[in-house]
Amino acid sequence: MTEQLGVVTSGTGGVWRVRADDGEEHEAVLRGRLKKADTGRRADGSIRRDTVAAAADIIKLAVGDRVRLERDAPEQTWAIAEILPRRSRLARRAPGGGRGERVIAANLDQVIVMFAAAKPEPHARMLDRFLVIAEANELAARIIINKVELVGEGSARERFASYERIGYPVHYTSVEERIGLDGVAVALAGTVSVVTGPSGVGKSSLLNALFPGLALRVSDISESVNKGRHTTVGAFLHPLPHHVGGAVVDTPGLREIGMWELPARDLDECFPEFRGAREQCRFGDCAHIAEPDCGVRAALSAGEITEARYDSYLRLREEILAPT
Ligand code: GDP
Ligand code: ZN
């Protein structure tokens, strides 16, 4: 029997594609005993395989998972014999969600949210939504503002300075004029990043400019395929060239996450600039709307929290409480 370690690059159940550490790609199925095993997690995040499944709806394997492959001599087919412990995940529920949790991708280092300075116009609420999803999954987030040559770099910087003040790194790029590309290359190198954002902002252009031959799926296609349906197109992991290391994960799944999958009471924690202020609220369960002695609203009046971000908080909260 041959053994290999590798990373899952695509698949949503049934047959999975695994890139072995020697660079070979294999198709593999999940071992039957693994499928039946309980994949609940220990406190350290590692996967328990010692007890019988209680919740059949837990998806056991995701793109980005590190696995041990075995090849049986007679059939010469590869099987996934073990899922190695995960260091992080992006799920449709906050970590620890348990039953019904769907893992979109595993072992991510960061979420990169990309918008254009113009064409299409950046959408602050959508940006905040992606940042909240990253925060809820305890993943670092980074912003790219592309097409800066259309408005001038200075004006783009001014517009997004408030995000830099919160602590999010912001890259200002133009694929067209090759501005800021090196900084993005450094941020991607050696890390596993989900790159997301609306279509037409230049995600494929940017990644192809940095890593020719990555063969990214064009986002417009995956989006139109998905339009009006409730199916989820799975994630794809694209390993970056060997000398660079790391990978880019391409998934429409992030766009489909509804805010209602986060508990409303945790939303304020997903706004990093609220964290200090909420300690000052009189009530521990303050929603920061009409309560007396609210630290968040005090910080808003003092200009430490922007109107735009507070407004995003209110609207995302409404989305959670009254899903459409
Ligand atoms: P995606 O949908 O986010 O992957 O975006 P694409 O990479 O397909 O790019 C959408 C359009 O924007 C294409 O016509 C690109 O040529 C164009 N584009 C990409 N980067 C830039 C840029 O820096 N400046 C300008 N003006 N156009 C760009
Ligand atoms: Zn409050």
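Start at 1 and go down the list; that is how both ligands and their atoms are numbered.
Among S205, P120, A209, the residue whose heavy atom lies closest to atom 6 (P) of ligand 1 is S205.
Ring geometry, H238 versus F236: the interplanar angle falls under 30°, so the pair is classed parallel (tilted spans 30 to 60°). The aromatic rings of H288 and F274 sit perpendicular, their planes meeting at an angle over 60°, well past the 30° parallel limit.
Under a 4.0 Å criterion applied to the non-hydrogen atoms of S174, ligand 1 contributes the atoms 23 (O). Taking every non-hydrogen atom of G202 and a distance limit under 4.0 Å, the qualifying atoms of ligand 1 come out as 1 (P), 3 (O), 5 (O), 6 (P), 7 (O), 9 (O), 19 (C).
No donor-acceptor distance shorter than 3.5 angstrom exists from the side chain of D250 to the backbone of L237, with no hydrogens or angles considered. When atom types are taken as modelled, the side chain of E304 and the backbone of L300 share no donor-acceptor pair closer than 3.5 angstrom. Without hydrogens or angle criteria, N208 side chain to S205 main chain gives no donor-acceptor distance under 3.5 Å.
Residues satisfying the ring-ring contact (aromatic ring centres under 6.0 Å, His included) test with H171, not counting sequence neighbours, are none. In terms of the side chain to side chain donor-acceptor pair (under 3.5 Å) criterion, residue partners of R275 (sequence neighbours excluded) are, by chain and number, E135.
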Would you tabulate the side-chain donor-acceptor contacts of residues 107-118 under 3.5 Å, counting partners in other chains and residues two or more places apart, or write 'none'?
| residue | atom | partner | partner atom | Å |
| --- | --- | --- | --- | --- |
| N107 | OD1 | R87 | N | 2.8 |
| N107 | ND2 | G64 | O | 2.9 |
| D109 | OD1 | R87 | NE | 3.3 |
| D109 | OD1 | R87 | NH2 | 3.0 |
| D109 | OD2 | R87 | NH2 | 3.1 |
| D109 | OD2 | V192 | N | 2.6 |
| Q110 | OE1 | R142 | NE | 3.0 |
| Q110 | NE2 | A187 | O | 2.9 |
| Q110 | NE2 | T191 | OG1 | 3.4 |
| Q110 | NE2 | S193 | OG | 3.0 |

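Under 2.8 Å from the Zn ion (ligand 2), one finds the following protein N/O/S atoms: C281 SG, C286 SG, H288 ND1, C294 SG.
Any N or O atom pair closer than 3.5 Å counts here, and L206 shares no such pair with ligand 1. Geometrically, ligand 1 and V175 share a nitrogen or oxygen pair separated by less than 3.5 Å. The shortest N or O to N or O distance between S199 and ligand 1 is not under 3.5 Å. At least one N or O atom of K147, backbone or side chain, sits closer than 3.5 Å to an N or O atom of ligand 1.
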